[in-house]
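The chains referred to below are lettered A, B, ... by the order of the sequence lines, with proteins before strands, and numbering in each begins at 1.
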There are 2 protein chains.
Amino acid sequence: MAKARTATITDVARLAGVSRAAVSKVIRDAYGVSPAMRERVNGAIEQLGYRPHVAARAMRGASYTLGIELPHNISNPFFAKVLDGAMDALEGTPYQLILAPVGTGSDHGARALEALVDRQVDGIVAISPLVLPSWLERLAARTPVVMLGRHDHSVAYDTVTGDDTTGAHLVMEHIAGLGHRRIAHLTRNEETTRPSTGNPHAVRLEEYLAYMREAGLAERIRVARTGPSQEAARRDTLALLREGRPTAVFAGNDELALGAMHALSDLGISPAETSVAGYDNVEIAGHPAISLTSVDQDGVLMGRQAVRLLLERIEGRTEVTHFRVEPSLRIRSSTRPAPPDPAT
Amino acid sequence: MAKARTATITDVARLAGVSRAAVSKVIRDAYGVSPAMRERVNGAIEQLGYRPHVAARAMRGASYTLGIELPHNISNPFFAKVLDGAMDALEGTPYQLILAPVGTGSDHGARALEALVDRQVDGIVAISPLVLPSWLERLAARTPVVMLGRHDHSVAYDTVTGDDTTGAHLVMEHIAGLGHRRIAHLTRNEETTRPSTGNPHAVRLEEYLAYMREAGLAERIRVARTGPSQEAARRDTLALLREGRPTAVFAGNDELALGAMHALSDLGISPAETSVAGYDNVEIAGHPAISLTSVDQDGVLMGRQAVRLLLERIEGRTEVTHFRVEPSLRIRSSTRPAPPDPAT
DNA sequence: TTGAAAGCGCTAACAA
DNA sequence: TTGTTAGCGCTTTCAA
């Protein structure tokens with residue numbers, strides 16, 4: 001009896017009566033193998049149930065692994081959509097996805113990215129991390145990187161973004177068109193929305209501010225800050241409502257919008273009194289019981305496209321690509337005409 | 001100028017004036033290194049910004065990578081919770097998570113698991129795949145495996161499950177207690193619910209059937225089949241309602257329950273006419289606009305526990321462990337007293 | 001406690 | 001077109 005080790009390339013070579021290099025070429029579909037040899041080798045592979053050892057391959061060539069850096073809160077269904085799209089694009093390829101959640105620390109995701117580099121990933125999708133562009137560019141010099149969601153147009157890495165300015169504009173136009181003037185914006189903390197980050201929330205906030213000013217509502221500007229979770233949004237909306245009553249709340253994303261709706265419900269405030277709009281158009285927003293007006297951006301497409309760009313890079317593309325997803329507004333019953341303004 | 005290669009263990013050894021083996025011992029916290037040497041080596045590591053090359057380590061020792069096999073639909077927030085918990089348990093460890101989505105094929109997830117084995121993962125969390133127990137046991141002989149959600153108690157792998165019989169019983173008891181007799185069960189397809197799979201949906205279905213029989217409602221049994229998505233559940237609930245009107249629907253999970261509620265809303269049927277209950281207690285179930293009665297099972301805990309069991313195994317534990325999460329019913333306004341039954 | 005040496009399974013020059 | 005050879009960076013005996 002032979003040892004029950006798992007078959008290696010050497011075993012295959014021996015069985016097929018060829019060199020290891022020949023086997024290597026066959027499994028990589030490399031140039032310069034005769035059909036006869038290919039057939040013999042494939043026969044041996046099948047017979048032995050041989051599967052190439054990824055770690056060994058990674059030492060010389062590719063690891064066939066893509067890394068995705070993402071915020072810790074997958075519970076936000078938008079990220080789930082992105083992840084879904086990314087996995088989708090990988091189906092049928094030999095590549096696999098490795099996850100690097102950004103911790104709660106203040107490293108802005110640098111640690112998570114480093115963990116991916118340690119694993120010799122062949123490419124990285126980073127979902128709007130807060131690391132410095134310079135840091136990212138250094139990384140991108142060694143490994144293909146696609147930034148998802150962030151608006152800086154580096155020449156070092158590809159990007160996949162939604163047009164958040166347009167999206168936010170659509171929301172504001174819609175809400176203002178319904179007669180609202182006391183429109184509050186519920187968004188993430190200062191660090192996340194610092195303009196230099198190019199973070200989607202930063203861009204949406206900018207557009208909110210710009211729109212309010214242009215509409216002559218500068219003194220009505222009201223920005224409430226909150227955490228990433230629905231529950232945080234609920235609490236902070238409660239606080240917001242205690243300090244004065246906006247007639248509409250534009251939330252930075254649907255997760256926050258759902259929290260805001262929850263808060264309104266807690267206080268017995270109906271949608272007719274206070275409108276809410278979100279961003280991302282997650283599935284539940286379309287549920288009749290929620291019916292949340294939101295900006296649709298195709299998260300699945302974004303994730304898929306990010307991976308595609310990465311694969312293209314790995315195949316040899318060198319010029320930078322910026323892929324932009326068009327947003328579109330889904331108007332639902334959470335936004336209603338403004339009630340008569342007692343202050344006017 | 002030296003080449004700008006990234007530092008290897010040899011570089012560290014040279015700078016510290018020790019052998020490579022010594023460096024290896026330090027980075028692995030292995031037995032038999034003097035404090036003085038440790039310090040010297042750590043100094044050199046820091047100075048060079050050395051990071052061990054994971055692929056190289058994987059060739060001899062551990063890959064520091066855990067694999068998680070999951071259904072393709074991360075969009076189900078329950079899976080997101082599990083993933084969240086798993087990532088959580090990994091924080092602060094050198095381990096990373098690699099994703100293996102189960103394709104749409106009929107291999108029952110075997111391909112996905114194989115991809116993980118190719119990557120020499122140190123352990124695998126499998127979320128209730130449909131692969132044969134024998135297949136899994138063979139796998140578990142080589143690599144620690146934790147099965148999440150499946151009810152077979154193998155001696156080869158650990159399991160983390162909810163008590164689905166109890167959970168389903170709680171739902172049925174509650175609904176029946178409200179006076180309902182025409183209770184339908186909305187669940188996944190036959191393949192998924194085949195009893196031998198030990199799948200949670202299979203167990204919930206069993207309990208539904210058992211309860212109905214024991215309550216003398218055998219002839220009222222009504223099982224509707226559907227896909228995993230909300231939209232599929234909506235369509236199939238519409239069909240269900242067209243063929244007779246149950247007064248309550250017990251859905252196999254919240255995703256299906258939301259689809260059922262959507263269908264009821266489409267037809268203008270109020271919760272007072274037809275009750276709905278789900279399973280998983282996803283976050284949105286607690287939202288006042290949804291207010292879905294559901295069985296809470298702590299997905300985050302389950303994911304975290306699965307990874308913990310894996311790490312324990314890797315550290316050397318040999319006896320099998322079965323971790324069970326207790327379910328508890330969250331009663332909300334989606335379940336109401338049964339309307340008077342015209343058929344009675 | 002430390003180091004020397006062998007080799008994990010694969011790929012990439014290069015030679016035949 | 002095929003094979004030979006030399007490692008990739010690390011861990012692991014085993015000897016000093």
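A:R119 and B:T65 are linked by a side-chain donor-acceptor pair at a separation below 3.5 angstrom, with hydrogens and angles left out of the test. For the residue pair B:N42 / B:Y50, no side-chain donor-acceptor distance below 3.5 Å is found, with atom types taken as modelled. Between B:N199 and B:T192, the side chains place no donor N or O within less than 3.5 Å of an acceptor N or O (distance only, hydrogens not considered).
In this model, the phosphate group of C:dG3 is approached by a side-chain N or O of B:S19 to a distance below 4.0 Å at OP1 or OP2.
Rounded to whole Å, the distance from CD1 on A:I9 to P on D:dT5 is 17 Å. We find that CD of A:E39 is positioned 16 Å from P of D:dT1, with the value rounded to whole Å. Whole-Å rounding puts the B:D11 CG to D:dC8 C1' distance at 13 Å.
Only B:S24, B:I27, B:R28, listed by number, bring a heavy atom of residues 22-38 of chain B to less than 4.0 angstrom from any atom of DNA chain D. Taking a 4.0 Å limit (strictly below) on heavy-atom distances, residues 44-60 of chain B reaches DNA chain C at B:M59, B:R60. Shown for residues 112-123 of chain A: no residue has heavy atoms falling under 4.0 angstrom of DNA chain C.
Contacts of A:D298 classified as side chain to side chain donor-acceptor pair (under 3.5 Å), with partners at least two apart in sequence or in another chain: none. Residues satisfying the side chain to side chain donor-acceptor pair (under 3.5 Å) criterion with A:R51, sequence neighbours excluded, are B:D118. Residues meeting the side chain to side chain donor-acceptor pair (under 3.5 Å) test with B:D88, sequence neighbours left out: B:R304. For A:T321, the side chain to side chain donor-acceptor pair (under 3.5 Å) partners are A:R317, not counting sequence neighbours. The side-chain contact (heavy atoms from CB on, under 4.5 Å) test applied to B:H53 returns A:Q120, B:A55, B:A56, not counting sequence neighbours.
For A:R20 against C:dT11, a side-chain N or O and a base N or O form a donor-acceptor pair under 3.5 Å.
Applying the 6.0 Å contact sphere to CD of B:E319 captures more than 12 heavy atoms from other residues, nucleotides or ligands.
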Check residues 133-144 of chain A and write down every donor-acceptor pair under 3.5 Å in which the side-chain atom is one partner and the other belongs to a residue at least two apart or another chain.
from: A:E137; atom 1: OE2; to: A:S154; atom 2: OG; distance (Å): 2.9

Mind listing the side-chain donor-acceptor pairs of residues 76-85 of chain B below 3.5 Å, one per line with the distance, residues two or more places apart or on another chain?
from: B:N76; atom 1: OD1; to: B:F78; atom 2: N; distance (Å): 2.9
from: B:K81; atom 1: NZ; to: B:N281; atom 2: O; distance (Å): 3.4
from: B:D84; atom 1: OD1; to: A:H72; atom 2: ND1; distance (Å): 3.3

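The two residues A:Y95 and A:L66 come nearest to each other via the heavy atoms CD2-CD1, 3.7 Å.
Residue pairs meeting the salt bridge (Lys or Arg N to Asp or Glu O under 4.0 Å) criterion with at least one partner in residues 17-29 of chain A, sequence neighbours excluded, are A:D29-A:R38.
Overall, the helix from C:dT1-D:dA16 to C:dA16-D:dT1 carries an axis bend of 30° between its ends, with five pairs at each end and the value rounded to 10°.
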